[in-house]
Amino acid sequence: MSTLKDRLTADMRAALKARNELTTSTLRMALAAVGNAEVAGKAKRELSDDEVLAVLTKEAKKRREAAAAFADAGRAEQADKETAEGVVLDRYLPKQLSDQELTELVSGALATGGFTEKSQMGPAMKAAQAAVAGRAEGGRVAAEVRRQLGL
């Protein structure tokens, strides 16, 4: 079992004992998503820490999008709940890059790969995502790559 999954399980049990309903339900949801990812495909398998991290990133993004949708619909209470769940999940994600750090990493990746034209967007994104290594959302990375390629 991966160490991140072990940490999620241990933290969920601690939250359950402390009667922290928000943390308990959020971590249960996260562990369920990890379990679903483990059984997806032809055979059940253990996920690596990187794969568990990818699942948690996806779940955190869902929470942010749901919070924005609820806020736009005037459902502040539900938006607050989604935001709080996102905060719980953020504890397990790597620190997000600042705009300046993202700009520097993307420019380095583009320079290393020699990407200068808009027709190279796909390979440029692949190189930029590898440089960023999950420390920034794909949308932010794509926007920065587009900006630097002049799109």
Side-chain angles (χ1 to χ4, degrees), residues 1-107 109-110 118 121-122 124-151:
M1 189 185 282
S2 70
T3 56
L4 183 55
K5 186 177 173 186
D6 289 340
R7 191 172 139 214
L8 288 169
T9 304
D11 289 354
M12 188 208 44
R13 287 184 181 144
L16 190 61
K17 289 178 183 176
R19 299 192 186 277
N20 184 335
E21 292 180 25
L22 174 68
T23 303
T24 301
S25 66
T26 303
L27 293 181
R28 275 188 178 153
M29 172 274 308
L31 286 167
V34 169
N36 288 338
E38 287 179 335
V39 297
K42 297 184 188 260
K44 184 178 192 305
R45 64 187 183 86
E46 288 290 323
L47 296 181
S48 69
D49 273 354
D50 289 340
E51 292 169 319
V52 172
L53 197 58
V55 170
L56 291 178
T57 302
K58 195 164 133 181
E59 291 299 319
K61 182 179 179 190
K62 285 181 189 177
R63 297 300 161 273
R64 282 190 296 278
E65 290 172 351
F70 282 127
D72 290 346
R75 297 182 60 191
E77 185 176 309
Q78 192 66 27
D80 292 343
K81 180 180 183 281
E82 294 289 339
T83 301
E85 288 179 354
V87 169
V88 170
L89 291 175
D90 286 344
R91 292 183 212 156
Y92 301 94
L93 299 175
K95 181 182 164 285
Q96 294 294 297
L97 294 172
S98 69
D99 289 339
Q100 181 181 353
E101 292 169 325
L102 179 62
T103 300
E104 291 170 7
L105 282 173
V106 169
S107 64
L110 295 180
K118 62 182 176 183
M121 179 68 179
M125 270 300 295
K126 188 173 185 177
Q129 287 285 32
V132 169
R135 294 177 291 162
E137 281 187 21
R140 283 182 63 208
V141 176
E144 184 60 29
V145 170
R146 274 192 220 98
R147 187 186 71 73
Q148 291 190 24
L149 288 178
L151 299 179

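What you see is a predicted model; the values in this text were computed from it and never measured. Sequence positions, counted from 1, serve as the residue numbers for this chain. The figures that follow rest on heavy atoms only: side chains count, while hydrogens, waters and symmetry mates do not.
- Residue Val55 comes nearest to Ala37 through the heavy atom pair CG2-CB, 3.8 Å, listed as atom of the first residue, atom of the second, then distance.
- To the nearest 0.5 Å, atom CE of residue Met125 and atom CD of residue Glu144 are 11.0 Å apart.
- Between Val88 and Met29, the closest side-chain pair of non-hydrogen atoms is not below 4.5 Å.
- If you take CG on Asn20 and CG on Asp11, they are separated by 11.0 Å, rounding to the nearest 0.5 Å.
- A distance of 8.5 Å separates OG1 in Thr103 from CZ in Arg140, rounded to the nearest 0.5 Å.
- Nearest heavy-atom pair, Ser25 versus Leu22, reported as atom, atom and distance to 0.1 Å: OG-O, 3.1 Å.
- For the pair Met121 and Val145, the tightest heavy-atom approach, listed with the atom from each and the gap, is SD-CG1, 3.6 Å.
- Tested against Val52, the residues Leu47, Asp6, Leu31 include a single side chain to side chain contact (heavy atoms under 4.5 Å, CB included) partner, Leu47.
- Nearest heavy-atom pair, Val141 versus Gln129, reported as atom, atom and distance to 0.1 Å: CG2-OE1, 3.9 Å.
- Ser98 OG to Glu104 CD: the interatomic distance, rounded to the nearest 0.5 Å, is 7.5 Å.
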Quiz: residues 62-71 side-chain donor-acceptor pairs under 3.5 angstrom, not counting sequence neighbours:
unit_1	atom_1	unit_2	atom_2	d
Lys62	NZ	Glu59	OE2	3.2
Arg63	NE	Glu85	OE1	3.0
Arg63	NH2	Glu59	OE1	3.4
Arg64	NE	Glu137	OE2	2.8
Arg64	NH2	Glu137	OE2	2.3

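- A salt bridge (Lys or Arg N to Asp or Glu O under 4.0 Å) check over residues 17-28, counting only residues at least two apart or in different chains, returns nothing.
- Remark: Asn36 CG to Glu38 CD distance equals 9.5 Å, nearest 0.5 Å.
- Take Ala30 and apply the side-chain contact (heavy atoms from CB on, under 4.5 Å) test, not counting sequence neighbours, and it matches Leu56, Leu89.
- Looking at heavy atoms from C-beta onward, Lys95 lies out of side-chain contact with Arg135 at the 4.5 angstrom threshold.
- Between Leu110 and Val106 the shortest side-chain heavy-atom distance falls below 4.5 Å.
- Summarising the geometry, atom CG belonging to Leu4 is positioned 8.5 Å from atom CG belonging to Leu93; distances are rounded to the nearest 0.5 Å.
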